[in-house]
S.K.: 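Next up is a structure, given as structure tokens.
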Amino acid sequence: MTEPEIHKGLAGVVVDTTAISKVNPDTNSLLYRGYPVQELAGSRDFEDIAYLLWNGELPDAGERERFDAFERAHRALPDHVVAAIDLLPLTAHPMDVARTAVSVLGASHPRAGDSSPEANLEKAAALLAVFPAVVAYDQRRRRGQERVEPREDLGYSANFLWMTFGEEAPPEVIHAFDVSMVLYAEHSFNASTFTARVITSTLSDLHSAVTGAIGALKGALHGGANEAVMHTFEEIGIREDETREEAAARAKAWMEDALAARKKVMGFGHRVYKHGDSRVPTMKSALDAMIEYYGRSEILGLYTGLETAMDEAKGIKPNLDYPAGPTYHLMGFDTEMFTPLFIAARITGWTAHIMEQAASNSLIRPLSLYDGPDERHVGEG
Ligand SMILES: CC(=O)SCCNC(=O)CCNC(=O)[C@H](O)C(C)(C)COP(=O)(O)OP(=O)(O)OC[C@H]1O[C@@H](n2cnc3c(N)ncnc32)[C@H](O)[C@@H]1OP(=O)(O)O
Ligand SMILES: O=C([O-])CC(=O)C(=O)O
């Protein structure tokens with residue numbers, strides 16, 4: 001009998017079709033429902049992207065108006081979710097808080113037992129609307145600050161920043177934040193999306209699938225990398241009085257030591273892209289805008305120092321988490337909040353995949369090759 005071929009990590013395996021996004025490493029492109037993401041980021045806001053991912057088309061004016069009315073009416077954190085978050089210690093990682101909050105929202109959803117396409121679309125939109133309040137409240141409670149209620153007169157990103165910082169963000173910051181949400185929204189069969197599809201394939205519900213996806217996103221090889229990038233910057237040391245060149249030199253030396261010690265440096269490399277992540281140039285422009293806005297050229301020094309040293313030593317390019325981390329830092333988010341920001345964006349992609357999987361379902365259940373002990377019996381030998 002021939003041994004089956006093992007596809008460790010499912011690398012290179014095509015498991016299903018999807019009409020939601022196309023990642024093409026050869027052309028270094030990413031399409032959402034056919035549109036290049038670079039074209040969408042900057043020309044369309046995150047709400048339009050959510051609509052596109054769920055419905056297959058960008059909204060017309062009336063569709064967008066109805067979407068906004070629903071989204072803005074569902075932004076407030078219900079009291080029982082506030083109470084559940086308050087039960088969690090401040091030592092809990094914000095990803096654990098986020099995962100718990102989504103689970104509580106699922107358990108108490110009025111249509112919890114309904115996984116019809118209409119119920120799923122409504123659940124997805126309500127989750128997208130309320131999730132920023134989870135992140136904003138969690139950051140504020142850790143800082144000993146009061147919760148800030150959402151504002152219906154602001155767009156998604158402006159309101160997110162308002163609830164987090166308790167003041168209106170400048171347009172430059174809102175724009176950079178919105179671009180990050182658009183870029184993080186969707187990326188085909190990545191580990192967390194695949195997790196959501198596996199859970200959905202058992203006929204489980206949308207909130208269970210998103211809760212599981214959050215668990216998969218938390219790890220440093222996936223979404224947790226944006227937090228890890230900032231820990232690298234912090235380990236090297238962020239010195240505001242330093243020139244860009246001085247910071248770059250220290251970062252380069254740090255990277256050379258890390259690679260000599262055979263360390264994996266988070267924010268670099270990708271399972272699919274081997275010549276650079278299609279989203280990085282757009283996110284890097286958003287980072288550059290924030291560096292300029294806040295006058296923090298030493299951050300650019302750290303960024304380029306690490307990037308250059310990694311490229312020279314191994315030819316490995318940054319992924320989206322690399323420019324996103326310092327961008328969120330400059331905006332004032334605490335480092336542990338970065339991956340929950342990724343959740344906020346990816347709720348769109350995850351739920352689009354949950355709906356796609358449910359509409360054309362087949363239980364996801366691969367095979368394994370047993371390599372344990374030969375058959376034996378209790379009491380023998
Ligand atoms: C939004 C996202 O989720 S993007 C991904 C975020 N994750 C990270 O940034 C974590 C750091 N990166 C990595 O661990 C990897 O690049 C992954 C997991 C993302 C992709 O990995 P894979 O395709 O499985 O490649 P693999 O991990 O086998 O790496 C291949 C080689 O490149 C090296 N390599 C890959 N990434 C890195 C890195 N970040 N730092 C150092 N070396 C690296 C590996 O050590 C390996 O070298 P070897 O052949 O000498 O052993
Ligand atoms: O596609 C992947 O494996 C990881 C990634 O970049 C993402 O989920 O955005």
Side-chain angles (χ1 to χ4, degrees), residues 6-15 18 20-25 28-32 37 41 49 53 95 179-197 210 213-233 251 254-284 303 306-328 338-353:
I6 305 293
H7 300 280
K8 195 95 173 150
L10 295 181
V13 176
V14 178
V15 297
T18 181
I20 301 167
S21 71
K22 179 175 177 178
V23 180
N24 190 337
N28 202 24
S29 65
L30 169 62
L31 308 177
Y32 290 172
V37 73
I49 302 311
L53 292 172
M95 285 298 281
V179 164
S180 79
M181 290 288 114
V182 171
L183 296 175
Y184 263 140
E186 159 60 11
H187 212 240
S188 75
F189 278 37
N190 58 82
S192 56
T193 301
F194 190 61
T195 302
R197 291 191 74 126
V210 172
I214 292 173
L217 189 73
K218 183 184 175 193
L221 294 190
H222 190 12
N226 64 3
E227 173 185 335
V229 165
M230 212 56 225
H231 290 314
T232 299
F233 277 47
W254 184 94
M255 181 63 97
E256 283 158 7
D257 288 348
L259 295 180
R262 301 193 62 75
K263 274 194 195 160
K264 250 199 178 176
V265 184
M266 303 307 160
F268 290 89
H270 199 275
R271 172 58 69 78
V272 182
Y273 300 115
K274 296 300 176 193
H275 310 289
D277 182 326
S278 64
R279 303 159 292 183
V280 165
T282 313
M283 193 63 225
K284 174 62 172 31
Y303 185 99
L306 290 173
E307 183 187 30
T308 308
M310 177 63 105
D311 198 25
E312 282 172 6
K314 299 191 80 141
I316 298 176
K317 312 286 182 204
N319 57 56
L320 175 58
D321 288 324
Y322 188 60
T327 304
Y328 292 146
F338 294 2
T339 317
L341 296 175
F342 191 159
I343 299 178
R346 191 54 64 86
I347 280 172
T348 56
W350 287 335
T351 51
H353 280 274

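Residues: numbered from 1 along the sequence shown. Computed from a predicted structure; not experimentally measured. As the structure lists them, so they are numbered: ligands from 1, and atoms in each ligand from 1.
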S.K.: Under 4.0 Å, heavy-atom basis, I'd like to know which part of F342 is in contact with ligand 1: side chain, backbone, both or neither.
M.R.: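 Looking at F342 and ligand 1, just side chain atoms fall under 4.0 Å.
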S.K.: Which heavy atom of the protein is the closest neighbour of atom 50 (O) of ligand 1, given with residue, atom name and distance?
M.R.: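 Result for atom 50 (O) of ligand 1: R262 NH2, 4.2 Å.
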S.K.: What protein heavy atom is closest to atom 25 (O) of ligand 1, reported as residue, atom name and distance in Å?
M.R.: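 Protein heavy atom with the smallest distance to atom 25 (O) of ligand 1: K274 NZ, 4.1 Å.
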S.K.: Output yes when the distance from some N or O of ligand 1 to some N or O of A225 is under 3.5 Å, and no in every other case.
M.R.: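 A225 vs ligand 1: no N/O contact under 3.5 Å.
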S.K.: With a cut-off of 4.0 Å, which atoms of ligand 1 are near a heavy atom of M310?
M.R.: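 Counting atoms of ligand 1 from 1, those under 4.0 Å from M310 are 38 (C), 40 (N), 41 (C).
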S.K.: Geometry only, no angles: is Y184 polar-contacting ligand 1 at N/O separations under 3.5 Å?
M.R.: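 Among all N and O atoms of Y184, none is under 3.5 Å from an N or O of ligand 1.
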S.K.: Where's the contact between R346 and ligand 1, heavy-atom distance under 4.0 Å: side chain, backbone, both or neither?
M.R.: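 Under 4.0 Å from ligand 1, R346 contributes no heavy atoms.
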S.K.: Between L221 and ligand 1, is there a nitrogen or oxygen pair with a distance under 3.5 Å?
M.R.: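 There is such a contact, yes.
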S.K.: Under 4.0 Å, heavy atoms only, figure out whether ligand 1 is touched by the backbone of H187, its side chain, both or neither.
M.R.: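 Answer for H187: neither.
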S.K.: Is any side-chain heavy atom of L217 closer than 4.5 Å to one of W350?
M.R.: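 Yes, at least one pair of side-chain atoms sits under 4.5 Å.
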S.K.: A side-chain contact here means heavy atoms from C-beta on lying under 4.5 Å apart; do L306 and T232 qualify?
M.R.: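 L306 reaches T232 side chain to side chain.
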S.K.: Can you confirm whether E227 sits close enough to F342 that some side-chain heavy atom of one is under 4.5 Å from a side-chain heavy atom of the other?
M.R.: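 With C-beta onward as the side chain, the pair stays apart.
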S.K.: Which bit of I316 is near ligand 1, meaning a heavy atom under 4.0 Å away: side chain, backbone, both or neither?
M.R.: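 Only the side chain of I316 comes within reach of ligand 1.
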S.K.: Identify the protein heavy atom lying closest to atom 11 (C) of ligand 1, giving its residue, its atom name and the separation to 0.1 Å.
M.R.: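 Checked against all protein heavy atoms, atom 11 (C) of ligand 1 sits closest to F268 O, 3.3 Å.
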S.K.: Provide, to 0.1 Å, the distance between atom 40 (N) of ligand 1 and the closest protein heavy atom, together with that atom's residue and name.
M.R.: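 Looking at atom 40 (N) of ligand 1, the protein heavy atom closest to it is V265 N, 3.0 Å.
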S.K.: Nearest 0.5 angstrom please: Y184 OH to T339 OG1, how far?
M.R.: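 So the OH of Y184 and the OG1 of T339 are separated by 7.5 Å.
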S.K.: Give, for atom NZ of K218 and atom CD1 of I343, the distance between the pair rounded to the nearest 0.5 Å.
M.R.: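 It comes to 10.5 Å.
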S.K.: Decide whether the shortest distance between a heavy atom of M255 and an atom of ligand 1 is less than 4.0 Å.
M.R.: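 No, M255 has no heavy atoms under 4.0 Å from ligand 1.
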S.K.: Nearest 0.5 Å, what's the NE2-NE2 distance between H270 and H187?
M.R.: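 Reported to 0.5 Å precision, the distance equals 5.0 Å.
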S.K.: Using the ring pair (Phe, Tyr, Trp, His ring centres under 6.0 Å) rule, take F194 and H353 through it: C-alpha gap first, then chi angles, then the decisive distance, then the call.
M.R.: CA-CA 9 Å; F194 190 61; H353 280 274; over 10 Å; no
S.K.: Has ligand 1 got any nitrogen or oxygen that is less than 3.5 angstrom from a nitrogen or oxygen of R271?
M.R.: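 Yes; the residue has a nitrogen or oxygen that sits under 3.5 Å from a nitrogen or oxygen of the ligand.
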S.K.: To the closest 0.5 Å, what do you measure between CG (D257) and CE (M255)?
M.R.: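 Here the rounded value is 11.0 Å.
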S.K.: Of the protein's non-hydrogen atoms, which lies at the shortest distance from atom 3 (O) of ligand 1, and what is that distance?
M.R.: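 Result for atom 3 (O) of ligand 1: H222 ND1, 2.8 Å.
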S.K.: Considering only heavy atoms from C-beta outward, does the side chain of V37 approach that of T282 to under 4.5 Å?
M.R.: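 They are not in contact (no side-chain heavy atoms under 4.5 Å apart), so the answer is no.
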S.K.: Under a 4.5 Å cut-off applied to non-hydrogen side-chain atoms, are Y273 and V23 in contact?
M.R.: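 SC-SC contact between Y273 and V23 confirmed.
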S.K.: Looking only at protein heavy atoms, which one is nearest to atom 27 (O) of ligand 1, and what is the separation?
M.R.: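 Going atom by atom, the protein heavy atom closest to atom 27 (O) of ligand 1 ends up being K264 NZ, 2.7 Å.
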S.K.: Which one holds for A220 and ligand 1: side chain close, backbone close, both close, or neither close, with close meaning a heavy atom under 4.0 Å?
M.R.: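 The answer is the backbone of A220.
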S.K.: Identify, chain by chain and in numerical order, each protein residue with a heavy atom under 4.0 Å from an atom of ligand 2.
M.R.: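 Residue list for ligand 2: H187, N190, H222, H270, R279, R346.
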S.K.: Could you tell me whether D321 approaches ligand 1 through its side chain, its backbone, both or neither, with non-hydrogen atoms closer than 4.0 Å?
M.R.: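 Looking at D321 and ligand 1, just side chain atoms fall under 4.0 Å.
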S.K.: Write out the residue and atom name of the closest protein heavy atom to atom 47 (O) of ligand 1, then the distance separating them to 0.1 Å.
M.R.: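 Checking every protein heavy atom, the shortest distance to atom 47 (O) of ligand 1 gives K314 NZ, 4.3 Å.
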S.K.: For the residue pair D277 / Y322, report whether a side-chain donor-acceptor contact shorter than 3.5 Å exists.
M.R.: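 No.
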S.K.: Dump the intermediate steps for side-chain hydrogen bond (donor to acceptor under 3.5 Å, both in side chains) on H222 and N190, then the final yes or no.
M.R.: CA-CA 8 Å; H222 190 12; N190 58 82; 3.3 Å; yes
S.K.: Just to confirm my output: which protein heavy-atom neighbour is closest to atom 9 (O) of ligand 1, and how far is it?
M.R.: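 Of the protein heavy atoms, G267 N, 2.7 Å lies nearest.
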S.K.: Below the 3.5 angstrom mark, is there an N/O of M266, backbone or side chain, next to an N/O of ligand 1?
M.R.: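 Between M266 and ligand 1 (N or O atoms, distance only) the closest approach is not under 3.5 Å.
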